[in-house]
Amino acid sequence: GCFVVDGAVKLMKTADICAALTGEALLAIKKAYDPKVHAVRGHQGQIDCAANMLRLLEGSGLAADVQPGKVQDAYSLRCVPQVHGACRDSIRYAYDVISREINAVTDNPLIFPEEDEAISGGNFHGQPVALAMDFLGIALAEYANVSERRLERLVNPALSEGLPAFLTRHGGVHSGFMIAQYAAASMVSESKVYAHPASVDSIPSSANQEDHVSMGTTAARKALMILDNSQKVLGIELFAGAQAAWLRGEDGLSPATRAVYDRIRQAIPPVDQDVVMHPLMVQADELVKAHAISQAAEAVCGELQ
């Protein structure tokens with residue numbers, strides 16, 4: 001549980017950066033991130049995410065308050081603060097639960113020497129953590145879910161605002177990023193299975209004395225598997241977003257996303273000819289897990305929420 005909460009907290013910023021880079025590649029409308037919109041709803045995660053998006057996109061020549069011929073973006077771009085923000089609030093909840101639990105007394109019986117009392121209680125029961133881990137797994141799965149939808153828009157010529165199909169200049173001959181999107185879709189689907197709650201299950205043991213258990217260990221293990229999938233999916237979105245920026249013209253990127261683009265390019269070159277994509281996707285995953293993406297952005301735009 002501690003491992004997955006730590007990874008989730010660090011993933012929040014990277015997810016916003018992924019959305020910002022993809023948003024520029026898809027000529028996003030920044031006005032949807034106006035703080036007035038999010039203040040009137042009042043969810044802190046949403047407010048913080050919208051602030052991050054505006055900071056990341058400040059100075060962009062691609063994303064703008066108004067885009068000719070387009071009233072509004074699809075949900076996966078327009079609703080980034082609402083989706084990512086809800087995930088942030090869920091992560092904060094799990095963080096609070098885990099922080100209390102690792103400092104809690106969970107023995108049985110409990111000895112209170114000052115009162116000269118021993119009490120057989122139930123503080124060992126894992127229900128608080130089980131519910132938090134199931135909730136956290138769902139939130140992490142949603143990061144990947146919406147990320148894959150943005151990725152699909154990058155590779156789909158009907159939705160990509162003029163980018164070449166599958167992000168390759170050699171359409172019809174090269175596959176480009178088609179298989180990368182397949183990989184993301186497969187992990188998103190796998191995480192949907194992992195996201196089924198463990199905490200709703202219970203099998204009695206110990207001659208039915210232990211007749212309700214939390215399944216919290218399973219919930220935490222599943223959440224860790226979802227975290228790994230989501231890190232990989234966001235890495236693929238970054239990989240594709242950098243390719244799209246290269247095709248669109250990286251000079252139009254904001255200072256923050258340009259720093260991210262340059263950091264990606266230190267490990268992953270643009271893809272002009274069909275290559276085996278797996279090693280490049282592994283590189284992207286390693287950048288995400290090393291928190292190199294958020295570090296690159298924050299070196300330019302300051303600390304994100």
Taking OH in Y93 as the centre, count heavy atoms belonging to other residues, nucleotides or ligands within less than 6.0 Å. Is the count above 12? yes

Should we say atom CD of Q273 is surrounded by more than 12 heavy atoms from elsewhere, each under 6.0 Å from it?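 Count over threshold, so yes.
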
Considering only heavy atoms from C-beta outward, does the side chain of [X] approach that of [Y] to under 4.5 Å?
{"X": "N123", "Y": "D107", "answer": "no"}
{"X": "P109", "Y": "I119", "answer": "no"}
{"X": "F166", "Y": "H174", "answer": "no"}
{"X": "L154", "Y": "F177", "answer": "no"}
{"X": "E250", "Y": "R258", "answer": "yes"}
{"X": "I111", "Y": "E117", "answer": "no"}
{"X": "L224", "Y": "F3", "answer": "yes"}
{"X": "S160", "Y": "L26", "answer": "yes"}

Determine yes or no for a side-chain-to-main-chain donor-acceptor pair under 3.5 angstrom, with [X] supplying the side chain and [Y] the backbone.
{"X": "D134", "Y": "A198", "value": "yes"}
{"X": "T22", "Y": "C18", "value": "yes"}
{"X": "R55", "Y": "E303", "value": "yes"}
{"X": "H170", "Y": "D272", "value": "yes"}
{"X": "E148", "Y": "V188", "value": "no"}
{"X": "N103", "Y": "S99", "value": "yes"}
{"X": "Q46", "Y": "R41", "value": "no"}
{"X": "N52", "Y": "Q305", "value": "yes"}

side-chain hydrogen bond (donor to acceptor under 3.5 Å, both in side chains), that's the test. Do S60 and E24 meet it? Break it down for me. CA-CA 8 Å; S60 175; E24 287 187 291; 2.5 Å; yes

Grab the two heavy atoms, one from A180 and one from L151, that are nearest each other, plus how far apart they are.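 Closest approach of A180 to L151: O-CD2, 4.3 Å.
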
Taking all atoms of both residues into account, what is the closest heavy-atom pair of T168 and G176, and its distance?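 Distance-wise, the nearest heavy atoms are CB-CA, 3.9 Å.
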
Criterion salt bridge (Lys or Arg N to Asp or Glu O under 4.0 Å) on D262 and R265, from CA distance to verdict: CA-CA 5 Å; D262 291 342; R265 285 288 169 254; over 6 Å; no

Hey, would you say the H125 and H212 ring centroids sit under 6.0 Å apart?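 Under 6.0 Å, so yes.
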
Answer yes or no: is there an ion pair linking [X] with [Y], defined by an N-O contact shorter than 4.0 Å?
{"X": "R88", "Y": "D16", "value": "yes"}
{"X": "D96", "Y": "R92", "value": "no"}
{"X": "D285", "Y": "K289", "value": "yes"}
{"X": "K13", "Y": "E298", "value": "yes"}

Is the terminal nitrogen or CZ of R169 (NZ for Lys, CZ for Arg) located under 6.0 angstrom from the six-membered ring centre of W246 and within 45° of that ring's axis?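 Judged by the rule, R169 and W246 form a cation-pi pair.
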
What distance do [X] atom [atom1] and [Y] atom [atom2] have between them, rounded to the nearest 0.5 Å?
{"X": "N229", "Y": "K192", "atom1": "CG", "atom2": "NZ", "value": "12.0 Å"}
{"X": "Y194", "Y": "M225", "atom1": "OH", "atom2": "CE", "value": "5.0 Å"}
{"X": "Y182", "Y": "S175", "atom1": "OH", "atom2": "OG", "value": "8.0 Å"}
{"X": "I293", "Y": "K10", "atom1": "CD1", "atom2": "NZ", "value": "15.0 Å"}
{"X": "Q181", "Y": "N156", "atom1": "CD", "atom2": "CG", "value": "9.0 Å"}

Would V80 and C49 count as a side-chain contact (heavy atoms from CB on, under 4.5 Å) here? Give the steps. CA-CA 8 Å; V80 167; C49 177; 3.8 Å; yes

For side-chain contact (heavy atoms from CB on, under 4.5 Å), just list the numbers for L140 and C87, CA-CA rounded to whole Å, side-chain angles, deciding distance to a tenth of an Å, and then say yes or no. CA-CA 7 Å; L140 290 169; C87 295; over 6 Å; no

E161: which of R153, K70, R248 passes salt bridge (Lys or Arg N to Asp or Glu O under 4.0 Å): K70

Do V97 and V5 pass the side-chain contact (heavy atoms from CB on, under 4.5 Å) test, and can you show the C-alpha distance, the side-chain angles, and the key distance before you say yes or no? CA-CA 10 Å; V97 170; V5 165; over 6 Å; no

Answer yes if the side chains of Q127 and S214 hold a donor-acceptor pair under 3.5 Å, and no otherwise. no

Pairing donors with acceptors under 3.5 angstrom, does anything connect the side chains of S254 and E58? no

Could you check whether the rings of H84 and Y143 sit parallel, tilted or perpendicular, using 30° and 60° as the cut-offs?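 Perpendicular.
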
